[in-house]
Amino acid sequence: MADSTPQAMPQEAAPISEPPPAAEPLKTSTDSGNGAVKFASRKVCVYYGEKQALFDVDLDVLKNKVTALIGPSGCGKSTYLRCLNRMNDTIPICRVTGEISLDGVDIHSKAVDVVHLRARVGMVFQKPNPFPKSIYDNIAYGPRIHGIASSKGELDDIVQSSLEKAGLLKEVHDRLQEPGTGLSGGQQQRLCIARAVAVEPEVILMDEPCSALDPIATARIEELIDELRENYTIVIVTHSMQQAARVSQRTGFFHLGELVEFGETEQIFTNPQDERTQGYITGRFG
Amino acid sequence: MSNAVATDVQVAPNMNGSPRNASEAVAKSLKRRYAAEKRFRAYGLVAIIFAALCLAILLVTIVGKGYSAFTQTMIRLDITLYPQDIDPDGTRDPDVLSTANYQKLVKQAVQDLFPEVTNRRERRHLQEIISPGATYHIRDAVLEDTSLIGQRLVIEVPVSDDLDQFNKGFISGDVPEVERRVSDKQIAWFNRLKDRGVIISTFNTTLFTAGDSREPELAGIWGAVVGSFFTMAVTLLLSFPLAVGAAVYLEEFAPKNRWTDLIEVNINNLAAVPSIVFGLLGLAVFINFFGLPRSAPVVGGMVLALMTLPTIIIAARAALKAVPPSIREGAFGIGASPIQVVTHHVLPLAMPGILTGTIIGMAQALGETAPLLMIGMVAFIVDIPGGPLDPSTVLPVQIYLWSDAPERAFEERASAAIMVLLGFLIMMNAIAVVLRKRFERRW
């Protein structure tokens with residue numbers, strides 16, 4: 001249906017869909033009066049070998065906001081998310097071009113170490129992936145390798161508060177030494193969120209965190225995302241438009257590797273500028 | 001467009017007649033399909049039964065031939081330890097005691113069993129019923145307790161290997177005298193001794209405590225067991241870290257390019273190289289070029305390490321591959337460095353698989369003979385090796401040596417050694433199975 005040349009589309013689409021951020025220079029600290037820019041990306045392209053998966057994505061993630069990335073399968077939203085903590089570095093054939101800056105510093109520059117970056121930008125994955133260790137060790141692992149806690153007591157506090165933040169403490173406080181893999185799917189995912197929170201990141205990336213969970217566990221995670229927003233910047237990739245509408249303040253719509261439209265969530269869902277966005281959110285395709 | 005598709009669907013059954021035709025075709029073919037399945041199951045069953053039968057025959061043969069080696073026919077000898085023969089000066093000096101002429105005492109004791117034998121030739125013949133090792137038994141008893149000197153000692157010493165075989169029923173008294181290794185006279189003496197109750201059958205401890213010997217009744221596998229132990233220790237120390245390091249590098253760090261592909265192909269090829277080639281390599285490089293000692297476990301271990309390396313590398317790479325990528329991502333996601341991801345998560349999870357591969361590789365090395373022949377571990381060595389640099393042999397080579405020996409008594413000992421070797425192998429494989437079961441993780 002939409003078989004136009006990929007290079008031509010974003011230039012046409014971008015000015016319409018996101019007037020304020022796209023036009024501004026890279027190292028802005030504020031835009032549209034909503035707060036500081038945490039992540040700013042300009043002309044991000046991703047290639048898997050010969051195949052190009054992302055085309056010139058320009059997107060600003062605002063501090064202490066939830067940014068949702070929606071779009072049909074294979075549209076590149078997860079690929080973009082994985083650029084933000086350079087997770088794509090672990091895929092040998094993957095190549096990223098363009099500029100992504102965190103607090104105004106290019107994350108690909110020599111000044112940024114990838115290990116340090118990932119400590120600042122935590123990630124929660126689609127499938128809950130707790131380590132096959134105890135609940136305690138799952139959360140304590142990050143602080144341990146980064147040397148955040150100086151004593152056993154401090155480490156205990158971090159584990160407790162991380163579980164508290166992830167809303168899991170009540171359920172597991174008396175069985176911290178039991179294996180994390182023994183928890184239910186929803187609990188495992190919250191354990192993974194607690195694990196990410198434990199290293200005190202500035203940003204948490206969530207790659208379809210609820211796709212493997214039932215509606216009740218999903219509601220629990222969504223509640224949690226709303227609570228976490230106070231202290232963290234969150235970028236969430238989701239298949240569910242309702243979820244994007246519920247939890248996010250800003251939404252980006254990806255299609256065939258392009259960022260079609262990006263703006264306030266309310267505006268995207270009530271008054272989409274691009275006809276593809278409209279088609280997707282009204283369920284006509286995707 | 002959609003109309004065309006619809007007509008296509010309708011056409012299909014019409015081409016074969018009525019739409020019910022498909023169901024009939026299925027019904028018709030059912031019998032044939034089930035028959036094929038039954039046939040396949042029968043083939044499988046036959047194959048399993050055949051394999052089990054072969055194994056049973058093997059085990060029955062080995063145990064049937066070897067079980068008698070675990071007992072040894074002994075004779076209770078009444079011996080007088082004359083001080084003038086053992087320690088004429090009364091110094092109790094161990095050097096004097098260990099070099100004394102015990103043979104004279106043994107000869108006297110045997111002579112005393114049958115005082116009526118006076119003919120010189122017959123007397124020598126009579127002496128042959130006893131093992132030449134009897135003197136060592138008496139020497140050891142005296143060295144252990146010097147107060148025995150001057151006393152009468154009742155001691156059990158082994159009879160000669162031929163009489164031992166006769167007693168176990170492997171040499172029949174019915175065949176003509178010239179065709180058997182024990183004479184009519186010896187049999188008569190032996191039977192009379194039996195009637196007197198001085199012939200007894202005991203557990204053959206010598207088999208498990210002694211080194212090799214020319215006399216079967218004095219030969220044991222301990223030297224070979226110790227040699228095998230040192231060899232395996234060297235093999236494990238060399239091959240395990242090297243193989244795990246290589247596997248981790250290739251699997252987790254190395255770029256995937258033409259060179260790593262080439263290395264992978266070569267590792268797989270090395271696993272298929274005949275083991276004797278590794279023996280030749282060891283002879284040429286370790287012994288001739290580096291001048292390492294011949295017949296030593298250290299060289300044997302190095303050669304077997306070369307042989308085991310590809311096995312462990314392949315097993316370790318498979319185990320590393322089996323660790324789910326989500327674990328790696330999880331660790332990377334909270335900022336673990338690549339080496340931390342490997343040492344904290346991937347390697348521990350892959351360890352059961354790696355250990356299983358290692359144990360199987362070691363079991364393979366434990367049973368290996370050919371490369372060790374090339375580096376001189378096939379020598380006749382009586383002493384128990386004291387370290388990996390001492391000349392020694394290993395269990396499978398000991399079996400090879402004994403099965404080659406002419407004495408009938410060595411045949412049963414070779415089978416007994418095979419049983420011990422099989423015992424070790426079963427134990428190692430059992431450990432591998434237990435490890436796999438115990439540390440199997442579900443994620």
Side-chain angles (χ1 to χ4, degrees), chain A residues 49 78 81-82 84-93 113-133 137-148 162 179-182 188-189 191-201 204-207 212, chain B residues 1-2 247-264 316-356 435-443:
Chain A
S78 288
L81 190 75
R82 292 166 61 92
L84 297 181
N85 66 345
R86 285 176 61 185
M87 209 57 180
N88 286 330
D89 289 14
T90 59
I91 303 169
I93 57 161
D113 184 85
V114 67
V115 167
H116 188 217
L117 173 72
R118 290 187 190 137
R120 290 174 66 193
V121 183
M123 191 159 191
V124 176
F125 297 85
Q126 184 171 0
K127 209 179 123 224
N129 60 346
F131 302 132
K133 299 171 188 266
D137 286 336
N138 258 287
I139 299 165
Y141 180 69
R144 271 194 194 126
I145 57 169
H146 296 303
I148 292 171
S162 302
T181 42
Q188 285 191 13
Q189 194 61 296
L191 178 62
C192 292
I193 293 172
R195 182 176 72 187
V197 166
V199 286
E200 293 163 30
I204 300 177
L205 309 176
M206 296 186 175
D207 189 356
Chain B
M1 180 68 187
S2 64
V248 166
Y249 179 74
L250 285 173
E251 205 53 51
E252 303 287 329
F253 296 103
K256 303 276 174 285
N257 57 27
R258 201 178 303 171
W259 292 109
T260 46
D261 283 349
L262 189 73
I263 289 170
E264 184 163 355
R317 290 190 67 178
L320 291 168
K321 262 203 191 95
V323 175
S326 66
I327 297 289
R328 292 186 183 84
E329 287 196 325
F332 275 127
I334 50 175
S337 65
I339 193 72
Q340 283 172 327
V341 173
V342 168
T343 54
H344 296 167
H345 299 281
V346 178
L347 212 46
L349 289 175
M351 220 17 120
I354 296 176
L355 288 181
T356 307
L435 271 178
R436 204 162 30 193
K437 283 259 180 287
R438 185 124 173 238
F439 295 101
E440 208 170 41
R441 309 233 190 191
R442 287 156 207 91
W443 41 70

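Residue numbers begin at 1 in each chain, while the letters A, B, ... track the order of the sequences. From a predicted model like this one, the values you see are computed outputs, not experimental measurements.
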So for A/V121, is it side chain, backbone, both, or neither that comes closer than 4.5 Å to the heavy atoms of chain B?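 Backbone only.
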Using non-hydrogen atoms and a 4.5 Å limit, figure out which bit of A/R82 sits close to chain B: side chain, backbone, both or neither. side chain
Looking at every non-hydrogen atom in both residues, tell me the closest pair between B/S326 and A/N129 and how far apart they are. O-ND2, 2.7 Å
Taking all non-hydrogen atoms of both residues, which atom of B/I334 and which atom of A/A196 are closest, and how far apart? CG2-CA, 4.1 Å
Between A/K127 and B/E329, is there a side-chain N and carboxylate O pair less than 4.0 Å apart? no
Would you be so kind as to tabulate the donor-acceptor pairs closer than 3.5 Å made by side chains of residues 347-355 of chain B, with sequence neighbours excluded?
none

Pick whichever of B/G330, B/P338, B/P325 has the most heavy-atom pairs under 4.5 Å with chain A. B/G330
Distance, nearest 0.5 Å, that separates CZ of B/F332 from CG of A/D89: 9.5 Å
With sequence neighbours excluded, what pairs up with B/N257 under the side chain to side chain contact (heavy atoms under 4.5 Å, CB included) test?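 Side chain to side chain contact (heavy atoms under 4.5 Å, CB included) list for B/N257, sorted by chain: B/P255, B/W259, B/T260.
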Residues B/Q340, A/V115; criterion side-chain contact (heavy atoms from CB on, under 4.5 Å); working and verdict: CA-CA 11 Å; B/Q340 283 172 327; A/V115 167; 5.6 Å; no
Counting heavy-atom pairs under 4.5 Å with chain B, the top scorer among A/R86, A/M123, A/M87, A/Q126 is A/M87
Side chain to side chain, B/S337 and A/I145, heavy atoms closer than 4.5 Å: no
Specify whether A/Y141 and B/H345 have parallel, tilted or perpendicular ring planes, treating 30° as the upper limit for parallel and 60° as the lower limit for perpendicular.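 Geometry flag for B/H345 against A/Y141: perpendicular rings.
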